[in-house]
Amino acid sequence: MPELPDVEGFRRVAEEAVKRQVRAVHVHDAQVLRDSSAEEFADALRRRYVAEPSRHGKWLMVPTASSAGGSPAAPWVLLHFGMTGSLRWCEHDAELHPHDRVVFDFADGELRYRDMRKLTGLHLAREQDEVDRQLDELGPDALEVGRDEFTERLTRTRRRIKPALMDQSIIAGLGNLCADEILWRSRINPARAATDLTSGEFGRVHGDMRSMLRQAIRVGRVPDRASWLTGHRDEPDPHCPRCSTALSRGRVGGRSTLWCPHCQPE
DNA sequence: GACCATGTTCCTAC
DNA sequence: GGTAGGAACATGGT
């Protein structure tokens with residue numbers, strides 16, 4: 001699941017816990033902790049209060065405070081969801097899922113980090129510096145970046161447009177599904193060189209990116225509607241929702257790619 | 001068993 | 001140095 005719209009959904013889930021005190025942290029699988037042991041992680045967060053979470057690209061950042069309304073401070077929990085991660089608010093008596101790797105326990109419920117494949121995980125940032133260092137590796141958030149900076153950053157590279165869009169250091173937040181969806185809306189072939197796009201085409205991609213993300217955020221994930229390209233990914237013989245041409249499948253930048261050969265010509 | 005999967009990082013080759 | 005391709009990571013679905 002997790003691309004920008006999904007992580008924005010998880011941010012809203014994390015908001016449930018704001019001002020609540022962490023009673024305990026149960027680490028069921030320490031493999032998802034990237035830079036701390038289960039003990040360090042749990043000890044650092046126990047009795048801290050959750051402060052306002054923020055999102056940048058596919059990263060969710062949760063600061064803590066020493067009192068319910070206290071100012072956001074270290075330690076922070078930085079969450080990445082890989083390909084299969086999620087965050088959910090659960091009642092205490094809800095049965096533990098086999099993929100619930102870390103549970104944050106509060107008086108009236110719990111926050112669960114669930115992840116099947118464990119490709120990424122949770123970071124404990126003990127100082128503001130560590131949060132900044134993580135953010136430094138990311139480009140501007142896909143929802144925040146303006147048209148001019150968007151164009152400027154993407155024309156700096158000689159790569160193809162799809163892998164460039166998905167490069168988190170250029171623009172943060174877009175994954176495989178979002179990239180395909182945006183390029184289909186903009187009628188741009190995913191294998192075209194980024195430097196080959198005109199200024200008008202970049203304007204279109206930027207606008208389509210924003211509207212696509214806003215619509216997806218409303219439902220907290222990338223929808224699988226029939227009117228969206230993404231809604232046809234898993235079909236054996238998918239057709240373009242716009243012109244009914246048989247869709248093409250291939251690999252671009254090492255990722256499975258779906259596009260319409262009629263709407264998105266080379 | 002083979003192949004595929006919404007992500008990231010590391011290695012090699014051109 | 002930039003770019004592309006492949007493998008690795010860990011797990012499950014078809």
Side-chain angles (χ1 to χ4, degrees), chain A residues 1-11 27-35 55-60 78-88 97-102 113-123 133-139 141-142 153-185 189-196 209 212-213 215-217 219-225 228-238 247 249-259:
Chain A
M1 273 189 263
E3 299 188 40
L4 188 153
D6 310 271
V7 181
E8 183 59 23
F10 302 148
R11 192 191 62 75
V27 179
H28 297 285
D29 189 337
Q31 234 178 332
V32 300
L33 302 180
R34 295 293 142 168
D35 43 23
R55 179 195 58 73
H56 190 100
K58 301 175 190 173
W59 283 90
L60 179 61
L78 310 183
L79 302 92
H80 197 285
F81 299 91
M83 272 171 129
T84 51
S86 66
L87 190 67
R88 49 195 80 213
H97 188 280
H99 301 146
D100 284 335
R101 311 295 186 184
V102 176
Y113 177 81
R114 185 176 298 180
D115 189 24
M116 180 180 79
R117 284 171 71 183
K118 300 185 284 186
L119 289 174
T120 57
L122 307 182
H123 296 249
R133 240 177 289 140
Q134 190 61 246
L135 287 178
D136 280 348
E137 293 176 14
L138 301 175
D141 187 79
R153 295 184 73 90
L154 285 165
T155 42
R156 246 190 255 164
T157 177
R158 285 177 303 179
R159 297 164 72 186
R160 295 165 297 177
I161 185 64
K162 173 170 173 177
L165 277 176
M166 289 178 61
D167 185 332
Q168 302 300 299
S169 69
I170 299 178
I171 303 291
L174 305 179
N176 199 33
L177 302 189
C178 287
D180 276 2
E181 187 68 37
I182 292 162
L183 291 171
W184 173 74
R185 290 182 177 214
N189 187 284
R192 279 179 62 187
T195 45
D196 175 54
M209 173 179 75
M212 178 263 173
L213 289 175
Q215 291 174 59
I217 280 172
V219 285
R221 63 192 194 88
V222 183
D224 53 1
R225 282 181 212 146
W228 289 44
L229 180 77
T230 302
H232 303 271
R233 274 195 110 74
D234 298 330
E235 295 172 4
D237 182 26
L247 293 170
R249 273 188 215 282
R251 294 190 87 76
V252 178
R255 307 301 303 275
S256 70
T257 301
L258 193 62
W259 73 96

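Here is how names work: the chains are called A, B, and so on, in the same order as the sequence lines, proteins then strands, and each is numbered from 1. All values below come from the heavy atoms of this structure, side chains included, with hydrogens, waters and symmetry mates left out. Just so it is clear, the structure is predicted and the values come from calculations on it, not from any experiment.
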Residue-level proximity of residues 165-172 of chain A to DNA chain C when a heavy atom falls under 4.0 Å: none

Counterpart residues, side chain to side chain donor-acceptor pair (under 3.5 Å), relative to A/Thr230 (two or more places apart): A/Glu181

Nucleotide-resolved protein contact map, nucleotides 4-13 of chain C, B/S/- at heavy-atom distance under 4.0 Å: SS---BBBS-

Touch class at under 4.0 angstrom, heavy-atom based, for A/Arg221 against every strand present: nothing

Contacts of A/Phe10 that satisfy ring pair (Phe, Tyr, Trp, His ring centres under 6.0 Å) - sequence neighbours left out: A/Phe81

C/dA7 to B/dA2 separation - P atoms, rounded to the nearest Å: 15 Å

Ring pair (Phe, Tyr, Trp, His ring centres under 6.0 Å) partners for A/His99, two or more places apart: A/His97

Listed partners of A/Asp35 passing salt bridge (charged side-chain N to carboxylate O under 4.0 Å, His left out), at least two apart: none

Distance, P atom - from C/dT3 to B/dT6, rounded to whole angstrom: 23 Å

Partner set under ring pair (Phe, Tyr, Trp, His ring centres under 6.0 Å) for A/Trp184, not counting sequence neighbours: none

Nucleotide interval of DNA chain B bounded by contacts with chain A (heavy-atom cut-off, under 4.0 Å): B/dA5 to B/dT8

A/Arg221: side chain to side chain donor-acceptor pair (under 3.5 Å) partners, not counting sequence neighbours: none

Side chains of A/Leu229 and A/Leu183 in contact at under 4.5 Å (non-hydrogen atoms): no

Sugar-phosphate only, base, or nothing, as touched by A/Ser256 at under 4.0 Å among non-hydrogen atoms: sugar-phosphate

Heavy-atom check, side chain of A/Asp167 versus side chain of A/Arg159, under 4.5 Å: yes

With sequence neighbours excluded, residues passing salt bridge (charged side-chain N to carboxylate O under 4.0 Å, His left out) with A/Asp100: A/Arg112, A/Arg114

Side chain A/Arg55, main chain A/Gly57, donor-acceptor under 3.5 Å: yes

Donor-acceptor pair, side chain of A/Thr257 and main chain of A/Arg255, under 3.5 angstrom: yes

Beyond-backbone contact of A/Leu258 with A/Pro238, side-chain heavy atoms, under 4.5 angstrom: yes

Involving DNA chain B, stems made of at least three consecutive Watson-Crick or G-U pairs, both distances under 3.5 Å: B:2-5 with C:11-14, B:7-14 with C:2-9

Salt bridge (charged side-chain N to carboxylate O under 4.0 Å, His left out) partners of residues 169-180 of chain A, not counting sequence neighbours, each pair once: A/Lys162-A/Asp180, A/Asp180-A/Arg233

Touch class at under 4.0 angstrom, heavy-atom based, for A/Thr230 against every strand present: nothing

